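Before any comments, here is the structure.
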Protein chains: 2
Amino acid sequence: MLTIGTLSRKTGTKVQTIRYYEQIGLMNEAGRTAGGQRRYFEKDLDRLAFIRHSRQLGFSLDSIRELLELSDNPSRSCAEADSIARRQLRQVEQRLKRLQALKKELKRMVAECEGDSVAECKVLEVLRDHSECLTDHDGIGA
Amino acid sequence: MLTIGTLSRKTGTKVQTIRYYEQIGLMNEAGRTAGGQRRYFEKDLDRLAFIRHSRQLGFSLDSIRELLELSDNPSRSCAEADSIARRQLRQVEQRLKRLQALKKELKRMVAECEGDSVAECKVLEVLRDHSECLTDHDGIGA
DNA sequence: GCCTGAACCTCTATTCGCTTTAGCTTATAC
DNA sequence: GTATAAGCTAAAGCGAATAGAGGTTCAGGC
C-alpha cells in the first residue's frame with residue numbers, strides 16, 4: 001500500500017498534481033484509509049509513470065487519455081498509438097523549427113547591441129522594426 | 001484615425017487580444033468616438049507591432065512591459081534591454097535542447113513500431129518504460 | 001431620414017496543465 | 001500524549017489569450 005507521497009517521490013509528480021489527475025479521471029479513484037487518505041497499488045504507480053513520461057514527451061492530457069485507453073485494451077491495433085505518436089512528433093518538429101528561427105533572431109539582436117543609451121539600442125530597434133521578422137499575417141499561411 | 005479592426009488586420013492580432021492588452025495596461029487606453037468605439041493613432045499601431053513582434057520572439061508580457069518602458073525612456077541605458085534579450089535567448093536555447101531530446105525519443109518510438117496489436121506496441125512500451133528517459137527527479141536538477 | 005450589415009461594444013466563461021492558498025484532519029514516531 | 005509530517009477539500013490563480021452571448025454603433029446606399 002503506497003501513499004500519495006510515495007507516488008509523488010517515485011515519479012517526481014507533485015502530490016496536488018496526482019490528485020488533479022484523479023479529479024480529471026486520468027488516474028483511477030484511489031482506495032482510502034478509514035481516515036480518508038488515499039492508498040495506492042503498484043499498478044497505480046505504473047499508470048502515473050506512464051502519464052508522466054508521456055507528459056515529458058509533450059503529449060497533451062487528451063492524447064495521454066487515448067494512449068492509456070489503448071494500453072488498457074491490448075487487443076486493439078497498434079496503429080492508433082503509432083499515429084498519435086507521429087502526430088506528436090510532427091508537432092515537436094514544428095515547434096523546433098520555430099524556436100530555431102527565434103534563436104537566430106535573438107542572437108542577431110544581442111550580437112548587435114553595443115550597450116549605449118536606449119536611443120540607439122539595437123535590441124529595441126529590432127523589436128520596433130517588424131519588417132525582417134517571421135510574421136506572415138498578410139501572407140500565405142502558418 | 002484607425003479603428004481596432006484596422007490595427008487587428010495590420011498586426012495580425014485578434015480584436016479581443018488588443019482589448020485584452022488595453023485591459024492589462026500594455027496598450028494605452030484608446031480614445032473613443034461619441035458612440036464609445038476605440039480610435040487609434042499611428043503610434044498605437046507602432047506600439048502594438050512592437051508588442052506582437054516581441055511576443056513572436058517569445059518574450060513574456062512582463063518582459064514586454066519592461067522593454068516598452070525602456071523604449072519610452074530613450075535616455076536610459078541599453079544594458080537592461082540587452083539583458084532581457086539575453087535572458088530570453090537563454091530560455092529559448094534551453095527549450096530547444098529539450099525539444100531536440102524529445103524529438104529523438106519520439107523518433108525512436110515511431111521507428112520501432114511495426115503496427116501489430118497493442119500488446120507488442122513499441123510506442124506504448126516505451127511510454128511504459130521509464131528507465132531510458134530524461135527524468136531526473138531523483139537527480140541533480142532541472 | 002431610414003435601413004442594412006459589418007464592425008464594434010461589454011461582460012463573462014473557457015482553455016491547458018497545473019500550482020497555490022487557506023484551513024483543516026490523520027497517521028506515525030517517540 | 002503530543003509533536004509534526006503528511007494528508008485532506010475546495011476554491012482561486014497563473015499566462016496569454018480565445019470564445020460566446022447579447023447588445024450597440026457606424027458607414028453606405030436608397
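Quick caveat: nothing in here was measured; it's all calculated off a predicted structure. First the proteins, then the strands, lettered A, B, ... as listed; each starts at 1.
Ion pair A:Glu29/A:Arg38 not flagged as a salt bridge, since none of the NZ, NE, NH1 or NH2 atoms sits closer than 4.0 Å to an Asp/Glu carboxylate oxygen. Taking a cutoff of 4.0 Å between a charged side-chain nitrogen and a carboxylate oxygen, A:Arg108 and A:Glu105 qualify as a salt bridge. Using a 4.0 Å cut-off between charged side-chain N and carboxylate O, B:Glu93 and B:Arg98 make no salt bridge. Between A:Lys10 and A:Asp46 there is no salt bridge, since no side-chain N of the basic residue sits under 4.0 Å from a carboxylate O of the acidic one.
The backbone N or O of A:Ser60 lies less than 3.5 Å from no partner atom in the side chain of A:Arg65, so there is not a single donor-acceptor pair. Using a distance-only test at 3.5 Å, with no hydrogens or angles considered, a donor-acceptor pair links the side chain of B:Thr11 to the main chain of B:Leu7. Remark: side-chain polar atoms of B:Asn73 are not paired, donor with acceptor, to backbone N or O of B:Leu70 under 3.5 angstrom.
Near-neighbour residues of DNA chain D inside residues 32-41 of chain B, defined by a heavy atom below 4.0 Å, number-ordered: B:Thr33, B:Gly35, B:Gln37.
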>> If you apply the rule side chain to side chain contact (heavy atoms under 4.5 Å, CB included), what do you find for A:Val92 with B:Lys107, and how did you get there?
In response: CA-CA 10 Å; A:Val92 165; B:Lys107 273 209 140 158; over 6 Å; no

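With 3.5 Å as the limit, one finds no donor-acceptor pair spanning the side chains of B:Thr3 and B:Arg39.
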> In B/S/- notation, 5' to 3', how is nucleotides 15-21 of chain C contacted by protein heavy atoms closer than 4.0 Å?
Replying inline: --BBSBB

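Protein chain A touches strand DNA chain D; the 5'-most and 3'-most nucleotides with an atom under 4.0 angstrom of its non-hydrogen atoms are D:dG7 to D:dT9.
With DNA chain C read from its 5' end, the first of the two nearest nucleotides for B:Val15 and A:Thr3 is the one closest to B:Val15.
If you measure from atom CG of B:Leu7 to atom P of C:dC8, you get 10 Å, rounded to the nearest angstrom. Across the protein-nucleic acid pair, B:Gln23 atom CD and C:dC9 atom C1' stand 13 Å apart, rounded to whole Å.
A:Gln94 CD: 12 or fewer foreign heavy atoms inside a 6.0 Å radius.
Counting non-hydrogen atoms under 4.0 angstrom, A:Ile4 reaches the backbone sugars and phosphates but no base.
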